[in-house]
Amino acid sequence: MVPRMATAASTPDRLSSYNPATHDLVGTVPIDGPAEVDAAVARARVAAERWGALSFEARGEELTAFRKALAAHADELADLLHRENGKPELEALVEIMMALGHVQHATACAQAALAPRKVSAGMLANFRATISYHPLGVIGVIGPWNYPLFTPMGSIAYALAAGNAVVWKPSELTPLIAVKIAEIAAGAFALPDLLQVVTGAGATGAALARAAIDKIAFTGSAATGRRVMIAAAERLTPVLLELGGKDPMIVADDADLTKAAEACVFGALTNAGQACISVERVYVAAAVHDRFVDEVVKQVRALKVGGDDGQLGAMTSTSQVAIVKDHLEDAIAKGAKVLTGGPGAISGSYIQPTVLTEVDHRMKVMTDETFGPVIPIKRVGSLDEAVRLANDSRYGLGSAVFAGKGARALAARLRAGMTSINAVMSFAGIPALPFGGVGDSGFGRIHGDEGIREFTRIKSTAEQVLALPVNMMSFRQPKEAPGRLRQMIKQLYGDGVVAKAGDWVRKLRS
Ligand code: NDP
């Protein structure tokens with residue numbers, strides 16, 4: 001196996017995880033091949049049958065024990081996140097808190113989200129029609145390295161709460177945090193093998209996508225998402241894809257500029273810009289552009305990169321540093337102006353936050369996912385232009401709008417799975433809101449009731465509760481049946497709609 005990144009390396013049967021800031025070895029994990037993956041899936045199948053048969057209350061108790069065990073290990077988990085991913089301790093603790101919020105929410109809401117629903121039976125009014133939700137069985141979860149706990153937990157917690165077992169393949173850059181979570185799960189759940197981790201590089205993920213699982217929840221790049229979908233197609237395994245983004249932020253001339261700048265700086269630079277819902281490009285009304293840029297630059301200059309008290313940590317992978325550098329050089333070659341940072345301010349795994357102006361959509365920094373601490377700001381002549389440019393993207397994950405009275409109308413015009421108004425990224429912290437995108441940002445939803453239902457199969461049941469003298473689902477029909485049907489068609493669906501299906505049932509019974 002060839003390591004994809006400089007921070008991960010391996011011997012033939014072990015994968016090593018390195019601290020991206022210090023290059024110290026954090027630990028090693030096995031490289032699981034198809035045989036190990038298939039065995040884990042088979043064990044998960046046994047666990048899923050027993051787990052899926054439990055009541056919501058019984059599952060809720062165990063999920064609560066799992067959440068409490070995770071909370072009890074918060075310091076250890078934060079330390080691992082810091083060492084494997086490079087993020088500062090504070091950001092690691094925020095990630096843990098958000099992940100635990102989702103475990104709690106999924107536990108609390110599963111029963112209501114999956115309660116059977118009675119729906120109208122329409123013209124078959126002598127039927128009782130219900131929709132019910134049932135666990136799928138075994139869910140494969142493939143996660144990225146940028147939020148190695150929060151992001152996969154957005155699938156894992158909801159899949160478990162819906163009654164499934166999970167086999168999780170973490171990124172090769174951050175496997176140890178996943179191994180620790182599986183260890184905590186093994187201690188918290190009475191059933192063995194409910195949450196298992198398989199480790200390795202892309203090939204292990206590919207084996208999981210091809211395994212006999214019931215759904216795959218993938219979070220990562222659009223390129224890998226396509227490969228996962230192709231592999232899953234072999235068994236027609238359904239896929240949920242949470243992919244990249246190029247999230248726009250719009251600042252209108254009646255926005256609170258100081259707050260907008262503060263949110264922009266955080267939204268673009270938290271986790272060193274390595275977030276799928278990072279602010280990746282900013283469109284600012286011409287009237288306030290210069291003041292907004294001044295405020296952003298002032299706030300960026302006050303930040304510290306690296307060290308125990310730094311707000312920005314090390315980039316997790318050297319290949320991501322190369323992508324950021326390439327985007328900056330491309331932008332500069334095409335006329336962008338560098339106000340802070342720049343390609344010359346990259347040192348090893350550390351990138352000084354970079355503010356660019358005079359940017360346009362010929363530049364990669366405005367169209368491709370940069371995934372680094374870069375804030376490209378574009379002046380726009382009107383909000384229509386801002387919306388047109390914001391929507392000019394193959395991605396459609398998150399977005400943000402800062403405006404006064406027109407903010408909601410502006411937000412509604414953005415082609416994105418999620419929009420924050422007068423805030424950034426806030427939708428990710430509200431567990432009841434479904435999370436996901438459109439276009440190259442993927443499809444399907446994690447979080448919220450939709451995120452629980454993603455991990456179920458829907459069953460429709462039609463129960464005949466009344467026998468009618470005329471039964472249309474029989475070959476034994478009276479000879480006046482065609483005449484009655486003609487009349488029904490006209491009355492139910494034609495111009496002269498006079499009756500409802502229920503009235504017809506009553507008429508037929510009389
Ligand atoms: P990648 O697509 O490179 O990898 C994602 C996962 O897929 C990793 O575990 C990786 O393993 C695995 N993988 C690699 N090749 C294959 C394969 N052929 N079959 C199955 N699995 C495979 O993404 P990154 O880890 O670089 O994550 C960054 C990306 O994730 C960004 O685009 C970001 O926007 C997106 N993201 C999206 C989020 C969302 O919710 N929409 C949230 C967070 C990130 P390995 O690392 O071992 O190669």
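Counting convention: from 1, in listed order, for ligands and their atoms alike. The model shown is predicted, which means the values in this text are computed figures rather than measured ones. What's counted below: heavy atoms across the whole structure, side chains too, no hydrogens, waters or symmetry copies.
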Ligand 1-proximal atoms of [X], by part, heavy-atom distance under 4.0 Å:
{"X": "Asn146", "result": "side chain"}
{"X": "Phe371", "result": "side chain"}
{"X": "Pro170", "result": "backbone"}
{"X": "Leu173", "result": "neither"}

Heavy-atom side-chain contact between [X] and [Y] under 4.5 Å:
{"X": "Leu149", "Y": "Ile96", "answer": "yes"}
{"X": "Trp145", "Y": "Ile177", "answer": "no"}
{"X": "Leu63", "Y": "Leu160", "answer": "yes"}
{"X": "Leu303", "Y": "Val265", "answer": "yes"}

Exercise. How about Lys246 and Thr370: does a side-chain donor come under 3.5 Å of a side-chain acceptor?
Worked result: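 Checked: Lys246/Thr370 side chains pair up, N/O donor to acceptor below 3.5 Å.
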
Problem set entry | Distance (rounded to the nearest 0.5 Å) between Arg457 CZ and Lys215 NZ |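 Here the rounded value is 13.5 Å.
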
For this session: Give me the ring orientation class for Phe189 and Trp51: parallel if the planes are under 30° apart, tilted from 30 to 60°, perpendicular past 60°.
Result: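 Perpendicular.
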
Exercise. Between Tyr283 and His361, how do the two ring planes meet: parallel, tilted or perpendicular, split at 30° and 60°?
Worked result: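 Tyr283 and His361: tilted rings.
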
Exercise. Is atom CD of Glu89 surrounded by more than 12 heavy atoms (other residues, nucleotides or ligands) closer than 6.0 Å?
Worked result: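 No, not enclosed.
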
Out of [options], indicate the one that has the non-hydrogen atom closest to [atom].
{"atom": "atom 2 (O) of ligand 1", "options": "Ser221, Gly205, Gly436", "answer": "Ser221"}
{"atom": "atom 15 (N) of ligand 1", "options": "Ile323, Thr224, Asn271", "answer": "Thr224"}
{"atom": "atom 6 (C) of ligand 1", "options": "Ile142, Thr204, Leu241", "answer": "Ile142"}

Is there a polar contact between ligand 1 and [X], counting only N or O atoms under 3.5 Å apart?
{"X": "Leu243", "result": "yes"}
{"X": "Gly143", "result": "yes"}
{"X": "Thr151", "result": "no"}
{"X": "Glu369", "result": "yes"}

Ligand-side contact atoms (ligand 1) for residue partner [X], heavy atom cut-off under 4.0 Å:
{"X": "Cys276", "answer": "33 (C), 34 (O), 36 (N), 37 (C), 38 (C), 39 (C), 40 (O), 41 (N), 42 (C), 43 (C), 44 (C)"}
{"X": "Gly200", "answer": "47 (O)"}
{"X": "Thr219", "answer": "5 (C), 36 (N), 37 (C), 38 (C), 39 (C), 40 (O), 42 (C), 43 (C), 44 (C)"}

